[in-house]
Amino acid sequence: MSETVYIETSILGYLTARPSRDLVVAANIEMTREWWEMRRNAFQLYSSQAGVKETSQGDTEIASQRLEIVRNLVLLDLNQSVLDLAEQFLERSSLPAKANVDAIHIAAATVHGMDYLLTWNCKHIANAQIQRKLAEISFDFGYELPILCTPYELLGG
């Protein structure tokens with residue numbers, strides 16, 4: 001059985017992004033598209049209704065492109081366990097209250113036993129300092145935090 005990856009909204013944003021002159025953004029767009037084309041089939045891909053909601057916002061043309069991608073992903077249930085764990089992440093880690101949707105993404109991936117959460121959100125999700133506390137909170141509730149990473153880290157294999 002192949003490994004599982006929760007696709008966080010920022011990945012969909014980079015997949016459908018317009019070209020950028022910002023070198024970092026351009027590199028992230030290219031890396032995301034390369035991972036999507038070359039590696040995504042090696043994994044089972046998931047998202048959640050939180051991803052669908054975020055994906056549907058913004059420029060309508062690009063939002064519809066993102067929604068088309070999300071339609072091909074299995075959506076994880078945002079059940080009470082997910083919501084409770086997200087609340088604990090917000091209360092007990094350094095995630096700010098405004099990162100409540102990020103907490104839901106992390107909790108959904110954790111409760112549903114994903115191997116990885118793929119993201120470009122390095123401020124609140126793929127953040128080494130926050131991850132340690134999230135792992136501790138997850139463990140306290142009987143879960144194992146998935147590896148929170150960017151496409152760079154899942155390119156090899």
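Keep in mind that the numbers below use all heavy atoms, side chains included, and drop hydrogens, waters and symmetry copies.
- Residue Ala108 comes nearest to Leu76 through the heavy atom pair O-CD1, 3.8 Å, listed as atom of the first residue, atom of the second, then distance.
- Taking 4.5 Å as the limit, every side-chain heavy atom of His112 sits out of range of all side-chain heavy atoms of Tyr46.
- Arg132 CZ: 12 or fewer foreign heavy atoms inside a 6.0 Å radius.
- For Phe139, the CZ atom sits in a loose shell: 12 or fewer heavy atoms of surrounding residues, nucleotides or ligands are nearer than 6.0 Å.
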So Leu45 and Trp36, side chain to side chain contact (heavy atoms under 4.5 Å, CB included) or not? Walk me through it.
-> CA-CA 11 Å; Leu45 305 182; Trp36 193 258; 3.9 Å; yes
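- Note that the CD1 atom of Ile69 and the CG atom of Leu15 stand 5.0 Å from one another [nearest 0.5 Å].
- Residues Ile137 and Lys133 meet the side-chain proximity criterion, which asks for heavy atoms closer than 4.5 Å.
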Between Asp140 and Arg92, does a side chain to side chain contact (heavy atoms under 4.5 Å, CB included) hold up when you go through it step by step?
-> CA-CA 11 Å; Asp140 288 350; Arg92 295 177 50 194; 2.5 Å; yes
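- Minimum heavy-atom separation, Ala107 to Ala86: CB-N, 3.6 Å.
- The two residues Leu95 and Ala99 come nearest to each other via the heavy atoms CD2-CB, 4.2 Å.
- Within a 6.0 Å sphere centred on CZ of Arg71, other residues, nucleotides and ligands contribute more than 12 heavy atoms.
- Between the CD1 atom of Ile106 and the CG atom of Leu85 there is a distance of 9.0 Å, given to the nearest 0.5 Å.
- In this structure, Leu67 and Val52 have side chains that are in contact, with non-hydrogen atoms separated by less than 4.5 Å.
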Chi angles and distances behind the side chain to side chain contact (heavy atoms under 4.5 Å, CB included) call for Arg18, Ile62 | CA-CA 9 Å; Arg18 292 186 173 103; Ile62 293 178; 3.3 Å; yes
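- Although no hydrogens or angles enter the test, the distance criterion places a donor-acceptor pair under 3.5 Å between the side chain of Arg66 and the main chain of Thr55.
- Hydrophobic clustering, with ILVMFWY side chains joined whenever heavy atoms are under 4.5 angstrom apart, keeps Leu118 apart from Met38.
- Of all heavy-atom pairs spanning Leu78 and Ser48, the tightest one is CD2-CB, 3.8 Å.
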Should Ile7 and Val70 be marked as a side chain to side chain contact (heavy atoms under 4.5 Å, CB included) after you check the CA-CA gap, both sets of side-chain angles, and the distance that decides it?
-> CA-CA 9 Å; Ile7 302 293; Val70 170; over 6 Å; no
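- At a threshold of 4.5 Å between non-hydrogen side-chain atoms, the residues Ile125 and Leu134 do not count as touching.
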Cut-off 3.5 Å, no hydrogens considered: what does the side-chain donor-acceptor table look like for residues 20-29, sequence neighbours left out?
residue : atom : partner : partner atom : Å
Ser20   : OG   : Asp22   : N            : 3.0
Asp22   : OD1  : Val24   : N            : 2.9
Asp22   : OD1  : Val25   : N            : 3.0

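- Contact annotation: the side chain of Asp77 never approaches that of Val111 to less than 4.5 Å [non-hydrogen atoms, C-beta and beyond].
- Here the CG-CD distance, from Leu12 to Glu68, works out to 12.0 Å after rounding to the nearest 0.5 Å.
- The distance from atom OG of Ser47 to atom CG of Asn72, rounded to the nearest 0.5 Å, is 12.0 Å.
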What donor-acceptor contacts under 3.5 angstrom involve side-chain atoms of residues 143-155, with partners at least two apart or in another chain?
residue : atom : partner : partner atom : Å
Thr150  : OG1  : Tyr152  : N            : 3.4
Thr150  : OG1  : Glu153  : OE1          : 3.4
Glu153  : OE1  : Thr150  : N            : 2.8

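- The two residues His124 and Pro96 make their nearest non-hydrogen contact at NE2-CG, 3.4 Å.
- Separating the NE2 atom in His105 from the OG1 atom in Thr110 is a distance of 12.5 Å, to the nearest 0.5 Å.
- Contact check on Arg33 versus Glu30 returns no salt bridge, with no Lys/Arg side-chain nitrogen under 4.0 Å from an Asp/Glu carboxylate oxygen.
- In the hydrophobic clustering of this structure, Val101 does not group with Leu73; members are Ile, Leu, Val, Met, Phe, Trp, Tyr whose side-chain heavy atoms approach within less than 4.5 Å, directly or through other members.
- In Gln57, the CD atom is crowded: over 12 heavy atoms of neighbouring residues, nucleotides or ligands sit closer than 6.0 Å.
- Checking Thr9 against Glu54 by side-chain atom types alone, a donor-acceptor pair falls below 3.5 Å.
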Yes or no on side chain to side chain donor-acceptor pair (under 3.5 Å) for Tyr6 and Glu8, after CA distance, side-chain angles and deciding distance?
-> CA-CA 6 Å; Tyr6 181 96; Glu8 187 267 334; over 6 Å; no
